[in-house]
Amino acid sequence: MRVDVLTLFPEMFEGVFNSSILKKAKEAEKVSYGVTNFREYSDNKHQSVDDYPYGGGAGMVLKPQPIFDAVDDLQTKSGTKPKVILMCPQGERYNQKKAEELAKEEHLIFICGHYEGYDERIREHLATDEISIGDYVLTGGELGAMVVIDSVVRLLPGVLGSEASHVNDSFSTGLLEHPHYTRPADFRGMKVPATLTSGNHAHIDEWREKESLKRTLERRPDLLENYPLTNKQQKLLNDLQKNK
């Protein structure tokens, strides 16, 4: 996969792309990154990328020309038809399903806005997707783009040590993940559930399924509204609700 970022602050991505899983993915040649300051594409001598909004109002608006030209150049160089993702608080709320969809793409271009907003023509005629990572406003789109890129790259085949590592992640199955424990079995009097140390894998699987349902019911009951429960899961859920 090729990941390109258009931003006015390219230095923000240096540590992110050169650390942890994102760095390992690059070293393993599973992904390549490009960070472009779209100010370099400005066609005026002052290299300005924003202007006052038509009709008046507070703040400045990003002009279409530098961003359109930057995307055109990246697309020409790659020879691909990329997904062009606008990071925007008005976009669809990001979730694991969207991460899985983006992980199937060959080329992603992220546009990180700043100032008051974008010229609407960027949204209407250039972006293929608009993404928001939550119902709040950040100074710019950079931090949101980092979140999305991290969540996508870890899903690429061969990036994580085990292909099973992300399969049972919270939200990947539609439910929150079950609790995890490691050694020691008794830490300051706090003990690991006996089922997990029993060696009985059938019982362990059943415990994990029940705990996943329990945690989802307690913390994100909204996820259960459209979740296709099996007969077994429905019975477990009924028992949990009775004892709630």
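Owing to the predicted nature of the structure, the values given are computational and were not obtained by experimental measurement.
- There is no side-chain donor-acceptor pair under 3.5 Å between N18 and E14.
- Atoms CZ and CD, on R215 and E177 in that order, are 9.0 Å from each other to the nearest 0.5 Å.
- Between Y41 and P66 the shortest heavy-atom distance is CB-O, 3.6 Å.
- Within the 4.5 Å cutoff, the side chain of L108 has no heavy atoms near those of the V84 side chain.
- Environment of CD in E29: sparse, with no more than 12 heavy atoms of neighbouring residues, nucleotides or ligands closer than 6.0 Å.
- Residue-environment remark: OH (Y54) stays at or below the threshold of 12 foreign heavy atoms within 6.0 Å.
- Two residues are said to be in side-chain contact when any heavy atoms from C-beta on lie closer than 4.5 Å; E106 and M1 fail this criterion.
- Between atom CD1 of residue I111 and atom CG of residue L62 there is a gap of 9.5 Å, rounded to the nearest 0.5 Å.
- By the 30° and 60° cut-offs, the orientation of the rings of H114 relative to F9 is tilted.
- Atom CD of E27 sits about 11.5 Å away from atom CG of L22, to the nearest 0.5 Å.
- Using modelled atom types and a 3.5 Å distance limit, the side chains of S151 and Y94 yield a donor-acceptor pair.
- The side-chain contact (heavy atoms from CB on, under 4.5 Å) test with V49 is passed by exactly one of L8, N37, V61: L8.
- Around the CD atom of E101, the shell of radius 6.0 Å holds more than 12 heavy atoms that belong to other residues, nucleotides or ligands.
- Proximity of a side-chain donor or acceptor of S132 to a complementary backbone N or O of G134 within less than 3.5 Å is detected.
- Heavy-atom contacts from other residues, nucleotides or ligands closer than 6.0 Å to NE2 of H180 number more than 12.
- Within 6.0 Å of CD in Q90 there are 12 or fewer heavy atoms belonging to other residues, nucleotides or ligands.
- For E206, the CD atom counts as loosely surrounded, since its 6.0 Å shell holds 12 or fewer non-hydrogen atoms of other residues, nucleotides or ligands.
- The shortest side-chain heavy-atom distance between R2 and V31 does not fall under the 4.5 Å cut-off.
- Heavy atoms from other residues, nucleotides or ligands lying under 6.0 Å from CG of D43 number more than 12.
- Residues F17 and V35 meet the side-chain proximity criterion, which asks for heavy atoms closer than 4.5 Å.
- Defined by atom type and a distance below 3.5 Å, a donor-acceptor pair is present between the side-chain atoms of S42 and N44.
- Note: L217 CG to S212 OG = 11.0 Å, rounded to the nearest 0.5 Å.
- No option in L74, I85, T80 other than L74 meets the side-chain contact (heavy atoms from CB on, under 4.5 Å) test with I109.
- Residues S78 and H107 have side chains that bring a donor and an acceptor to within less than 3.5 angstrom of each other.
- Using modelled atom types, one side-chain atom of R39 and one backbone atom of Q47 make a donor-acceptor pair closer than 3.5 Å.
- Counted within 6.0 Å of OH on Y227, heavy atoms from surrounding residues, nucleotides or ligands total more than 12; the atom is thus considered enclosed.
- The distance from the CG atom of D73 to the CG atom of L6 is 10.0 Å, given to the nearest 0.5 Å.
- Looking at heavy atoms from C-beta onward, R154 lies in side-chain contact with D150 at the 4.5 angstrom threshold.
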